[in-house]
Amino acid sequence: MPAKMKQENNQATEKGTRISGAEALMRSLEHEGVDVLFGYPGGAIMPTYDALYDHRDKLHHILVRHEQGAVHAAQGYARVSGRVGCAIVTSGPGAMNTITGVADAMIDSTPVVVICGQVSTAMLGTDAFQEVDVIGVTQPISKWAYQIRRAEDVAWAVSRAFFIARSGRPGPVVLDFARDAQTGMVDYKPAQVDFIRSYRPVPTPSDDIIRMTAQMVNLSLRPLVLVGQGVELGNAREELRHFIEKAQMPAACTLLGLSALPSDHPLNMGMLGMHGNLAPNVMTNQCDVLIAVGMRFDDRVTGNLKTYAPQAHIVHFDIDPSEIDKNVRTTLAVVGDCKETLRRVTELIDEARHDEWIAGFEPYKDKERARVIEPAIHPTEGPLLMGEVVRAVSEASEHRAVLVTDVGQNQMFGCRYFQYSEPRSVVTSGGCGTMGFGLPAAIGATFGAPERTVCLFVGDGGLQMTIQELGTIMEQKAPVKIILLNNNYLGNVRQWQYMFFHKRYSFTPMLNPDYEQIASAYGIPSRTVIERADLDDAIREMLTTDGPYLLQCAVKEEDNVLPMTPPGGSVDEMLLEVE
């Protein structure tokens with residue numbers, strides 16, 4: 001065993017039980033507390049699946065219909081549970097089918113461990129049947145990628161993988177499991193990796209940085225707090241609330257951070273970004289101190305960096321040092337676990353009032369409410385609108401459900417008009433923007449939070465990208481409430497074509513199948529709503545039906561998500577209407 005493994009595993013030479021590498025994997029997963037696996041068997045991973053057969057009582061395996069679905073389901077499980085999701089697939093095409101999910105999990109900081117089969121070590125590099133260089137492919141898009149070549153390394157590798165995936169800024173880890181390592185024998189002993197010499201997952205800021213940050217907050221007259229998913233990942237929801245309430249600081253949330261602050265909190269000014277709310281976007285360029293907590297200043301939030309908050313001192317709380325000054329130059333960087341750093345800063349800040357500053361948000365909120373929100377959620381005529389469907393489902397579920405979306409207009413309408421009262425209530429593909437994410441992620445969410453209602457909003461384009469996962473829903477009876485917003489278009493692309501390409505709808509109209517017949521074939525109850533008068537009854541039927549349900553809503557074909565910051569535009573130059 002290499003020296004580094006001895007140090008990290010701290011495993012003595014005493015003998016345990018002699019078992020196969022595949023069996024060692026099963027016991028290691030159980031040792032890590034894994035209880036759900038999403039996967040698809042194949043040749044190179046078959047010894048592991050044979051071992052799994054004897055662990056079915058502890059490791060609940062969900063057979064997906066495509067390997068991409070396994071990773072997205074593991075993501076959905078992780079996002080709502082706060083635990084590490086786990087996917088297991090075979091080599092070659094099986095492993096390659098997980099790549100989109102690995103990249104998605106990396107950019108959205110989702111802790112998953114993906115275990116791939118691989119050809120035997122003697123055949124590596126020979127272009128053997130279903131051999132692919134999984135490590136070479138996944139190293140740039142994962143926190144760690146490692147090839148297990150010996151049965152003796154299984155326990156160490158699994159413990160290290162889960163430690164890396166869940167610690168610090170979470171993310172995906174890939175284990176490439178050679179076939180002879182699966183069949184080889186080992187004197188098994190559980191491993192416990194909780195330290196890696198080259199890896200510092202949680203930096204600790206100095207007392208001086210904490211003190212300087214508190215001073216800057218105290219001196220601020222127009223503070224604005226930007227809330228990212230890091231608050232959810234760090235379980236710092238209460239610490240955030242104490243922080244903003246003590247100094248009465250308005251806050252706004254990124255797409256992935258929406259449920260970190262309840263929608264009805266008086267200091268919650270709404271959503272940031274290209275399709276966010278008008279007030280927080282405009283006021284970003286009027287605040288004097290901009291305090292970012294667990295967010296990465298991506299381009300959909302900042303718009304044109306040259307015009308982004310040029311007047312403000314910027315304080316950045318983040319656990320990942322690589323995010324500091326990556327996009328936006330900071331005045332102060334508070335690098336550490338925000339659950340701890342927020343608490344420390346809050347102890348030092350003064351109680352304050354910013355009534356006049358907060359009142360400045362109201363005219364923009366009123367303007368958006370009158371011109372965009374009310375027409376979107378309470379239309380009086382015409383076809384159904386996406387916004388009204390989303391809000392009606394949110395209200396019917398008492399704003400306590402988990403929102404899962406696919407990508408496109410369904411995502412933006414979903415996140416804008418759903419409302420949140422519980423933590424970990426938003427599951428969507430943020431950084432990667434992966435169409436097809438929604439259906440398998442929603443399946444995973446039902447296993448990660450079985451006590452909650454899971455509502456998936458999906459478009460007709462995204463649904464067809466992973467529609468085979470209806471088979472997984474059928475087999476598992478996963479209670480996903482699927483709300484299909486069907487506009488017979490690739491809606492988001494069509495909107496851009498409408499606004500920026502002279503209404504040239506190049507290959508965005510969709511000829512759709514009969515989704516009710518498809519749902520029926522999978523034994524999933526369904527209903528189609530065309531008339532507004534039928535919407536509330538259909539939603540009640542969906543939410544009171546045990547198990548899965550497909551509610552298809554025939555929505556306005558050329559509806560547009562507004563407000564919108566045009567690409568390359570400034571955050572305070574949002575469009576409230578289009579010609």
Side-chain angles (χ1 to χ4, degrees), residues 213-228 240 243-255 257-258 260-261 263 265-317 325 327-334 345 349-373 416 562-577:
T213 300
Q215 287 177 346
M216 184 163 288
V217 172
N218 289 337
L219 291 171
S220 174
L221 299 177
R222 301 185 307 279
L224 178 60
V225 180
L226 310 186
V227 180
L240 171 75
F243 177 64
I244 64 173
E245 288 176 355
K246 186 174 183 180
Q248 200 202 20
M249 294 181 287
C253 302
T254 67
L255 186 74
L258 282 170
L261 193 62
S263 299
H265 193 286
L267 292 172
N268 188 344
M269 300 297 149
M271 186 171 85
L272 298 161
M274 176 178 279
H275 288 295
N277 293 112
L278 178 64
N281 280 287
V282 170
M283 301 302 264
T284 292
N285 279 10
Q286 296 184 27
C287 68
D288 61 358
V289 175
L290 192 67
I291 305 164
V293 186
M295 53 88 74
R296 58 190 179 85
F297 288 112
D298 72 282
D299 59 290
R300 289 298 171 101
V301 165
T302 65
N304 187 344
L305 284 169
K306 294 180 180 178
T307 61
Y308 183 73
Q311 78 296 333
H313 294 291
I314 294 178
V315 179
H316 194 174
F317 288 76
D325 295 333
N327 296 323
V328 174
R329 180 68 63 181
T330 58
T331 308
L332 288 172
V334 187
V345 172
I349 63 175
D350 300 330
E351 292 188 6
R353 303 289 300 177
H354 294 101
D355 297 318
E356 184 176 350
W357 164 238
I358 290 173
F361 285 75
E362 292 304 317
Y364 298 105
K365 292 168 71 173
D366 292 342
K367 185 176 182 180
E368 182 185 358
R369 188 179 300 113
R371 294 176 59 179
V372 177
I373 296 175
R416 275 183 57 84
L562 294 167
M564 180 179 183
T565 301
S570 174
V571 291
D572 57 358
E573 296 175 345
M574 300 193 81
L575 301 175
L576 295 181
E577 56 191 14

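These values consider heavy atoms only, across backbone and side chains, with no hydrogens, waters or symmetry-generated copies. Being a predicted model, the structure only gives us computed values, none of them experimental.
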TODO: Would you check, one step at a time, whether the test side chain to side chain contact (heavy atoms under 4.5 Å, CB included) holds for Leu240 with Leu261?
DONE: CA-CA 8 Å; Leu240 171 75; Leu261 193 62; 4.3 Å; yes

With a 4.5 Å limit on heavy-atom distance, are the side chains of [X] and [Y] in contact?
X: Leu267; Y: Gln248; result: yes
X: Val225; Y: Pro250; result: no
X: Met269; Y: Ile358; result: yes
X: Thr330; Y: Val315; result: no
X: Leu305; Y: Val328; result: yes
X: Ile291; Y: Val217; result: yes

- [ ] Determine, for Asp355 against Arg353, whether the closest basic-nitrogen to carboxylate-oxygen distance falls under 4.0 angstrom.
- [x]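 A salt bridge is present here (some side-chain N lies under 4.0 Å from a carboxylate O).
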
Main-chain N/O of [Y] paired to [X] side chain as donor or acceptor, under 3.5 Å:
X: His354; Y: Ala247; result: yes
X: Arg222; Y: Val289; result: no
X: Thr254; Y: Gly257; result: yes

Straight-line distance of [X] [atom1] to [Y] [atom2], nearest 0.5 Å:
X: His316; Y: Phe297; atom1: NE2; atom2: CZ; result: 5.5 Å
X: Ile373; Y: Lys367; atom1: CD1; atom2: NZ; result: 13.5 Å
X: Asn327; Y: Met295; atom1: CG; atom2: CE; result: 9.5 Å
X: Asp366; Y: Phe361; atom1: CG; atom2: CZ; result: 13.5 Å

Task: Summary of salt bridge (Lys or Arg N to Asp or Glu O under 4.0 Å) pairs that have at least one residue in residues 356-365, sequence neighbours excluded - done: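 Sorted pair list: Glu362-Lys365.
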
If you compare all heavy atoms of [X] against all heavy atoms of [Y], which two are closest, and at what distance to 0.1 Å?
X: Leu221; Y: Trp357; answer: O-CB, 4.0 Å
X: Ala260; Y: Val227; answer: CB-CG1, 3.7 Å
X: Gly360; Y: Pro363; answer: O-CD, 3.4 Å
X: Asn268; Y: Ser263; answer: ND2-CA, 3.8 Å
X: Tyr308; Y: Leu290; answer: OH-CD2, 3.5 Å

Open item on the list: Determine whether Leu272 and Leu226 satisfy the following criterion, side chain to side chain contact (heavy atoms under 4.5 Å, CB included), listing intermediate values before the conclusion.
Closed with: CA-CA 8 Å; Leu272 298 161; Leu226 310 186; 3.7 Å; yes

Pairing residues for [X] by the side-chain contact (heavy atoms from CB on, under 4.5 Å) criterion, not counting sequence neighbours:
X: Asp350; value: Asn218
X: Asn285; value: Ala309, Pro310, Gln311, Ser570, Val571, Asp572
X: Pro567; value: Trp496, Phe500, Met564

TODO: Kindly write out the residues that satisfy salt bridge (charged side-chain N to carboxylate O under 4.0 Å, His left out) with Asp299, not counting sequence neighbours, or none if the list is empty.
DONE: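 With sequence neighbours excluded, Asp299 shows a salt bridge (charged side-chain N to carboxylate O under 4.0 Å, His left out) to no residue whatsoever.
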
TODO: Start with the C-alpha distance between Leu576 and Val372, add both sets of side-chain angles, then the distance that settles side chain to side chain contact (heavy atoms under 4.5 Å, CB included), and finish with yes or no.
DONE: CA-CA 7 Å; Leu576 295 181; Val372 177; 4.1 Å; yes

- [ ] Begin from the C-alpha positions of Thr331 and Met216 and carry the test side chain to side chain contact (heavy atoms under 4.5 Å, CB included) through to its verdict.
- [x] CA-CA 10 Å; Thr331 308; Met216 184 163 288; 3.7 Å; yes

Under 3.5 Å, sequence neighbours excluded: what are the donor-acceptor pairs made by side chains of residues 274-282?
from   : atom 1 : to     : atom 2 : distance (Å)
His275 : ND1    : Val561 : O      : 3.4
His275 : ND1    : Pro563 : O      : 3.1
Asn277 : OD1    : Met271 : N      : 2.7
Asn277 : ND2    : Glu368 : OE1    : 3.4
Asn277 : ND2    : Glu368 : OE2    : 3.0
Asn281 : OD1    : Gly273 : N      : 3.3
Asn281 : ND2    : Gly273 : O      : 3.4
Asn281 : ND2    : Asn277 : O      : 2.7

- [ ] Using a cut-off of 6.0 Å, state whether more than 12 heavy atoms not belonging to Arg371 lie near its atom CZ.
- [x]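 It does: Arg371 CZ has more than 12 such atoms within range.
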
